[in-house]
Amino acid sequence: MGLETQQIRREEYSGDLPDYSHYRPLDIDSVPLRLTEYPMLAERLGGSPDQWVAREVGDGNLNYVYIVEGPAGSICLKQALPYVRLVGESWPLPLSRSHFEHAALVRQDKANGSVPEIYHYDGPQALIAMENLSGHKIWRKALIARERHEAAAETIADFMAETLFRTSDLALKAAEKKAEMAMFSQNTALCKITEDLVFTDPYRDHELNRWTTPELDETVLAVRRDPQWKAAVQELKFIFLTRAEALIHGDLHTGSIMVGEAGGDEDLRVIDPEFAFYGPMAFDTGALFANLFLNMFAQDGHGEGASLYQDWLFELIDRICIRFSSSMSTLWRTERVGDAYAQSLFEDQGHRDAAELALTNFLARLEEETLGFAGAKMARRVLGLAGVADLETIEDRAVRAACERRALAMARALIVERGEIKTLGGAIERAQTILRDVR
Ligand code: SR1
Ligand code: MG
């Protein structure tokens, strides 16, 4: 059953999690035999199991991912492990993240569509079989290689606007939204990773923190002693913990986005929503802009000609911002059928101007929070456990540390001064100043 035709089956998401008592982890050798248990997948691959070739391609921090190719076709298999891949069995993590990932993919497909097609979901095996996108590339890698995927700006802006708007109280009745929120509120373990790794550990001494040492040692200590930074990050953590605005992807960095071609046109798909839950919209928009700014600051470590690409990245950020605002505005005017900002109080009383004022205020608040979350997401990638390849692949440590210092200066500005910077345009100007002045 393709996602286009797949309905969200209420009973499947009533709140009950799958029974994992018969869970068996896959490994590269067992993949072909295990696939014989799924006739529809076997048929898609064609031929017989001895003709199916599996390879492990996961480059994320949590799971293993297999591409399996057969005579007639191919599939991508993602299975949750009972622990964090990056750290190992000493860090257990619930299999239920696969349930939330699948549930989020179904909803993101319904709201927007730029996700992989799901071929089969086996809840008790924490296994999702989906479209093989190995002809695509992780956007982070394309950005490091200075590729320009022009259409990505509009596509990712629409993904964010449509998934956030259509899962929020702006589009849903309160009871429906609360039922959705209740189901996703069980994704506590994944939320806890973000609470710790983004908002807490980078600001204290923690054994899992990693940074470019000794080059950044002084900077790291200065961050931990910075009262304004610490207070402002905790404000953001409070928003993350409490503001259930929409079903957010929860980990929308450039490693969760794949770019490529389909039918001669540029194509983009958003993957890996296992961190999904009802949270602040600005956490997703902030994550995306954070990773684009990180790539921009890392460019000085990736050879001559950085400034041309940095200018393109600034334009890209600007285009995403403009498109996001215009898509949100269109949705506000045409699909605002939920219980928030009800049309009965605005348009139905002839108060279209008040609806427009409320929209302007809504977008301004969202943009300012986006800056704050972007700063928090930038800082964690320099100070905490999970770094980004954009910076980590810079071999010259002094050059890498200089890029990271600029990224941290930007992060602090976005977090502490978000009320003054206010807009992505203001953030771009600040980034340009930092590029010029911070050594
Ligand atoms: C232990 S998981 C580390 C990070 O990887 C994911 O992509 C999330 O960003 C998480 O914080
Ligand atoms: Mg991921």
Side-chain angles (χ1 to χ4, degrees), residues 56-66 76-105 108 115-116 126 128 130 133 136-141 156 159 187-203 206-211 233 236-237 240-241 248-259 269-277 279 283-295 373-392 411:
E56 204 279 313
V57 296
D59 73 345
N61 295 323
L62 298 186
N63 306 293
Y64 288 98
V65 179
Y66 301 94
C76 172
L77 288 179
K78 180 172 179 184
Q79 189 184 39
L81 293 167
Y83 56 88
V84 173
R85 174 183 180 164
L86 176 69
V87 175
E89 296 186 34
S90 62
W91 187 342
L93 198 63
L95 299 173
S96 59
R97 64 186 185 273
S98 178
H99 169 86
F100 299 113
E101 173 163 359
H102 175 251
L105 281 168
Q108 290 165 346
V115 293
I128 304 172
M130 61 192 132
L133 291 171
H136 287 50
K137 205 179 216 184
I138 293 287
W139 199 16
R140 185 187 302 290
K141 292 182 182 168
I156 194 63
F159 174 86
N187 200 9
T188 52
L190 279 281
C191 289
K192 177 82 170 104
I193 289 181
T194 303
E195 289 149 24
D196 290 343
L197 267 55
V198 176
F199 297 107
T200 310
D201 294 347
Y203 303 95
H206 193 282
E207 58 182 358
L208 290 179
N209 286 339
R210 293 188 206 152
W211 61 87
V233 164
L236 292 163
K237 181 174 178 180
F240 181 82
L241 287 164
I248 66 170
H249 177 285
D251 199 23
L252 194 55
H253 54 78
T254 49
S256 295
I257 298 168
M258 300 192 75
V259 289
R269 308 295 182 90
V270 177
I271 61 171
D272 280 3
E274 61 215 316
F275 285 79
F277 80 113
F283 191 74
D284 274 1
T285 48
L288 178 71
F289 290 120
N291 280 269
L292 294 173
F293 277 122
L294 281 171
N295 182 272
F373 284 121
K377 297 283 273 182
M378 289 179 74
R380 63 76 60 111
R381 296 296 189 187
V382 180
L383 304 169
L385 168 67
V388 284
D390 317 53
L391 291 162
E392 285 179 338

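Both ligands and their constituent atoms are indexed starting at 1 by order of listing. All values below come from the heavy atoms of this structure, side chains included, with hydrogens, waters and symmetry mates left out. Bear in mind that the values here come from a model prediction, so they are computed numbers and not experimental data.
- Inclusion of W91 in the set of residues having an N or O under 3.5 Å from an N or O of ligand 1 is not warranted.
- Interface atoms of ligand 1 facing A386, defined by a heavy-atom separation under 4.0 Å, are 3 (C), 4 (C).
- Between atom CZ of residue R381 and atom CG of residue L391 there is a gap of 10.5 Å, rounded to the nearest 0.5 Å.
- The contact set between ligand 1 and H253, taken as ligand atoms under 4.0 Å from a residue heavy atom, comprises 7 (O).
- For R381, the heavy-atom gap to ligand 1 drops under 4.0 angstrom.
- Atom 2 (S) of ligand 1 has its closest protein heavy atom at L62 CD2, 3.6 Å.
- Put simply, CG on L133 and CE on M258 are 5.5 Å apart, with the number rounded to the nearest 0.5 Å.
- The closest protein non-hydrogen atom to atom 11 (O) of ligand 1 is R380 NH2, 2.6 Å.
- For ligand 1, the polar-atom distance check against D251 finds a nitrogen or oxygen pair separated by under 3.5 Å.
- We find the CG-CZ distance between L252 and F159 to be 6.5 Å, quoted to the nearest 0.5 Å.
- For T194, the heavy-atom gap to ligand 1 stays at 4.0 angstrom or more.
- Atoms of ligand 1 found under 4.0 Å from any heavy atom of V84, numbered from 1 in the order shown, are 1 (C).
- Taking the six-membered ring for Trp and the full ring otherwise, F240 and F283 have centroids separated by under 6.0 Å.
- Of the protein's non-hydrogen atoms, the one nearest atom 5 (O) of ligand 1 is N61 ND2, 2.7 Å.
- In this structure, the side chain of E56 does not engage the main chain of Y66 through any donor-acceptor pair within 3.5 Å.
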